[in-house]
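What follows is a single structure, written as structure tokens, with notes after it.
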Amino acid sequence: MVDRSPFVVVANRLPVDEIPNDTPGGRVTGTGDQQRRWRRSPGGLVTALHPVLVEHHGTWIGWAGTPGDVAPEPFELDGINIHPVPLSEDDLERYYEGQSNATIWPLYHDNVEPPVFRRRWREAYRVVNRRYAEAAAAVAAPGATVWVQDYQLQLVPAMLRELRPDLKIGFFLHIPFPPIELFMQLPQRAEVLRGLLGADLVGFQQRLAAQNFLRLAKHLLGTPYHGNVIEYEGRQVKADAFPISIDVGEMERLADNPLVRERAKQIRAELGDPKTVILGVDRLDYTKGIEHRLKAFRELLAAGKLTVPESVMVQVATPSRERVEHYQALRIKVEREVGRINGDFGRVGVPAVHYLHQSYSRSELAALYCAADVMMVTPLRDGMNLVAKEYVAARLDHGGALVLSEFAGAAGEMRQAFLCNPHDLDAVKDALMRAVTVDQHEARRRIGVMQRHLRRHDVARWASDFLTELGATS
Ligand code: GDG
């Protein structure tokens, strides 16, 4: 473990999972009662940043995943310095579930659920953001580059700049940045904006989000901007779009694995070899439009345009933020809708919707992607949506069709998808039917164009574009 790093990533969560002590393998830290075992968690962000972190002896700062007042000691894993920050049960309830996921998350996603505002959550957000900023200030070498990630840590750039004016600070927001009218509802609005303006470069998924940010700064603080550069307190802050992507190579390797291909066939057989398998894969989140797609499917079944068992839907809804009220309410609504569809259109042993409230391995996900004729990605608002990109990358056979919401960042790049407005049920039904009935030649052409785009724009390119632009800021 080095004391100070020239490259530091700060994210809510560390890219590691603690595994039970009796599991073979993993990296062991501590001894006796304090012994712990760690494994790198899969994910696009860590894959993209891993080479940069290894090359620059980089450090990743974040929460290790277990609540407590004291964090595990820093350690090294696969060439990355891991620097845990503690989060207590209270912090998790207020900073993470409260301010991050019940206030900011819905507000930044067009208020698709009403945000909840609580003073004690805001205070916890401030306290925890300071903790992360202090950790970064302590590990960053003189003149280091620090890259702060996402909506949980928007105050960190300014806090860090105050502690360490010598650093080059980048910030990337993985979720949408709302228009002025919505952002203005945030009780902490000026503080959050000033927090972000502590960075040299603020990155967004889409150009529209960067523009919202530039306009907001002018509106709220009167800071002028020229092009995409804001003049703020004698410094220049650049705002730009960097659409994130996936590790295309990893998904292609998975999809090319004979075991995965075999599993895809087996999944279709287990589903009764239907003509059309329609798939959804999402965290169980109200922004993802799961109910909307279920309703579209139900109406098409009711109208006889689709029939069971020729068509079946598989919906993977990975458990997420289960202690937040909005999420509990969503689960009830989704499960009620699934029950209604199966009650009306299923038969014994032949459900219309296979609903799976579980997490799967990457290879099982790849097999599901390969098994699906139509992938439905219908968020009401989404920063990017990596599932859409994963599905396309997995289709080495050039088969399949993607139905994609116009409100996903991915729609900006994947114009060959069957695009739809998820708020308009008829439009969703129409896009689904076009995807179900598209002729093979046209389907292959569409997937092919999107794959070529993805191969040139993978997550490594995203990281290098951001870091190059950050390096070029004055
Ligand atoms: C946020 C923004 C933005 C899902 N179920 C399982 C599983 N997943 C994986 C998917 C995909 C990832 O989780 C989900 O990424 P998304 O982009 O679809 O959505 P968010 O979680 O909301 O991500 C989003 C993203 O950040 C990146 O900037 O695109 O807009 O909201 O990779 O495959 N992975 C495994 N098991 C599952 O059951 N292993």
Side-chain angles (χ1 to χ4, degrees), residues 9 11-13 15 17 39-49 100-101 104-110 112 147-153 171-178 203-206 208-209 241-248 250-251 254-255 260 279-290 314-321 324 327 330 355-370 372 375-394 402 404-414 454 457-459 462-463 466:
V9 172
N12 172 61
R13 189 73 168 80
D17 287 318
R39 189 174 52 198
R40 205 164 105 194
S41 54
L45 192 59
V46 61
T47 311
L49 297 178
S100 298
N101 287 322
I104 296 168
W105 178 272
L107 186 74
Y108 282 27
H109 286 88
D110 284 355
V112 295
W147 192 0
V148 184
Q149 307 286 329
D150 226 357
Y151 63 102
Q152 304 92 347
L153 300 177
F171 180 91
F172 185 77
L173 186 69
H174 290 254
I175 68 173
F177 192 77
F204 299 92
Q205 301 275 24
Q206 287 188 278
L208 197 64
F242 301 88
I244 199 168
S245 192
I246 56 165
D247 183 354
V248 176
E250 180 235 22
M251 192 42 75
L254 279 173
V260 171
L279 176 67
V281 173
D282 314 78
R283 278 188 306 97
L284 185 50
D285 193 298
Y286 51 82
T287 60
K288 302 290 182 186
I290 300 171
V314 177
Q315 176 64 55
V316 174
T318 312
S320 181
R321 305 174 190 167
V324 179
Y327 289 77
L330 173 75
Y355 168 73
L356 304 155
H357 183 246
Q358 297 164 40
S359 281
Y360 290 95
S361 65
R362 299 293 297 159
S363 55
E364 182 72 2
L365 278 191
L368 281 163
Y369 292 149
C370 293
M375 180 83 212
M376 291 201 81
V377 177
T378 56
L380 305 173
R381 175 61 78 192
D382 215 330
M384 177 54 62
N385 197 294
L386 299 182
V387 167
K389 293 190 169 181
E390 288 166 359
Y391 176 70
V392 168
L402 173 65
L404 180 60
S405 160
E406 293 162 11
F407 294 90
E413 296 166 83
M414 305 176 90
L454 280 183
H457 297 88
D458 70 354
V459 71
W462 166 79
F466 184 94

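Whatever order the structure lists them in is the order used to number ligands and atoms, beginning at 1. What you see is a predicted model; the values in this text were computed from it and never measured.
For atom 2 (C) of ligand 1, the nearest protein heavy atom lies closer than 4.0 Å. For atom 37 (C) of ligand 1, a protein heavy-atom neighbour is present inside the 4.0 Å cut-off. Atom 7 (C) of ligand 1 is flagged as protein-proximal [any protein heavy atom, distance under 4.0 Å]. For atom 16 (P) of ligand 1, the nearest protein heavy atom is under 4.0 Å away. At least one protein heavy atom sits closer than 4.0 Å to atom 29 (O) of ligand 1.
Of the heavy atoms in Asn385, both backbone and side-chain atoms come closer than 4.0 Å to ligand 1. Contact annotation for Phe172 and ligand 1: no heavy atom of the residue comes within less than 4.0 Å of the ligand. Of all the heavy atoms of Tyr369, the ones lying under 4.0 Å from any atom of ligand 1 belong exclusively to the side chain.
Considering backbone and side-chain atoms alike, Ile175 places every N or O at 3.5 Å or more from each N or O of ligand 1. Polar contact check, Arg283 against ligand 1: a nitrogen or oxygen pair lies under 3.5 Å apart. Considering backbone and side-chain atoms together, Val281 places no N or O closer than 3.5 Å to any N or O of ligand 1. Between Leu386 and ligand 1, at least one N/O pair is under 3.5 Å apart. Considering backbone and side-chain atoms together, Asp282 places no N or O closer than 3.5 Å to any N or O of ligand 1. On a distance-only criterion, Arg362 and ligand 1 share at least one N/O pair closer than 3.5 Å. In terms of polar-atom proximity, Ser361 is not counted as a contact of ligand 1, lacking any N or O under 3.5 Å from an N or O of the ligand.
Applying the 4.0 Å criterion to heavy atoms of Glu390 picks out, from ligand 1, the atoms 10 (C), 11 (C), 32 (O), 33 (O). Of all atoms in ligand 1, listed by their number and element, those nearer than 4.0 Å to a heavy atom of Gln205 are 3 (C), 28 (O). Ligand 1 places these atoms under 4.0 Å from at least one heavy atom of Val387: 10 (C), 18 (O). Interface atoms of ligand 1 facing Ser359, defined by a heavy-atom separation under 4.0 Å, are 38 (O). Within ligand 1, counting atoms from 1 as listed, the ones closer than 4.0 Å to a heavy atom of Ile244 are 27 (C), 28 (O). With ligand atoms numbered from 1 in the order given, ligand 1 contributes 30 (O) to contacts under 4.0 Å with heavy atoms of Gly383.
Protein heavy atom nearest atom 5 (N) of ligand 1, with residue, atom name and distance: Thr318 OG1, 2.8 Å. Atom 24 (C) of ligand 1 has Asp382 OD1, 3.4 Å as its closest protein atom, hydrogens excluded (heavy atom only).
The side-chain heavy atoms of Gln315 and Asp282, taken from C-beta on, include a pair separated by under 4.5 Å. Looking at His357 and Leu284, their side chains come closer than 4.5 Å, going by heavy atoms from C-beta outward. In this structure the side chain of Thr287 never reaches within 4.5 angstrom of the side chain of Leu380, judged on heavy atoms. Contact of the Gln205 side chain with the Pro176 side chain is not registered, since no non-hydrogen atoms from C-beta on lie closer than 4.5 Å. At least one side-chain heavy atom of Ile244 sits under 4.5 Å from a side-chain heavy atom of Val459. You'll find the side chain of Val377 stays beyond 4.5 Å of the side chain of Tyr391, heavy atoms only. The shortest distance between side-chain heavy atoms of Tyr360 and Thr318 does not fall below 4.5 Å. Taking 4.5 Å as the limit, some side-chain heavy atom of Glu390 sits within range of a side-chain heavy atom of Arg362.
For the ligand labelled ligand 1, residue Trp105 lies inside the 4.0 Å heavy-atom shell. Judged by the shortest distance from any of its heavy atoms, Lys288 lies inside the 4.0 Å radius around the atoms of ligand 1.
Interatomic distance, OG of Ser405 versus CG of Asn385, reported as 8.5 Å (0.5 Å rounding). Interatomic distance, CD1 of Ile104 versus CG of Leu173, reported as 9.5 Å (0.5 Å rounding).
The aromatic rings of Phe172 and Trp462 stand perpendicular to each other, their planes meeting at an angle above 60°, with 30° marking the opposite boundary.
Of the options Trp462, Tyr108, Tyr360, the smallest heavy-atom separation from atom 35 (C) of ligand 1 is shown by Tyr360. Atom 26 (O) of ligand 1 has its nearest heavy-atom neighbour, among His174, Met384, Lys389, in His174.
Looking at Ser245, its side chain does come within 3.5 Å of a backbone N or O of His457 through a donor-acceptor pair. With Tyr151 contributing its side chain and Tyr108 its backbone, the two residues share no donor-acceptor pair below 3.5 Å.
Separation of the Phe204 and Phe242 ring centroids does not fall under the 6.0 Å cut-off.
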CA sep, side-chain torsions, deciding dist, call: Leu45, His174, side chain to side chain contact (heavy atoms under 4.5 Å, CB included):
CA-CA 11 Å; Leu45 192 59; His174 290 254; 4.2 Å; yes

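Within a 6.0 Å sphere centred on CZ of Arg39, heavy atoms belonging to other residues, nucleotides or ligands number 12 at most.
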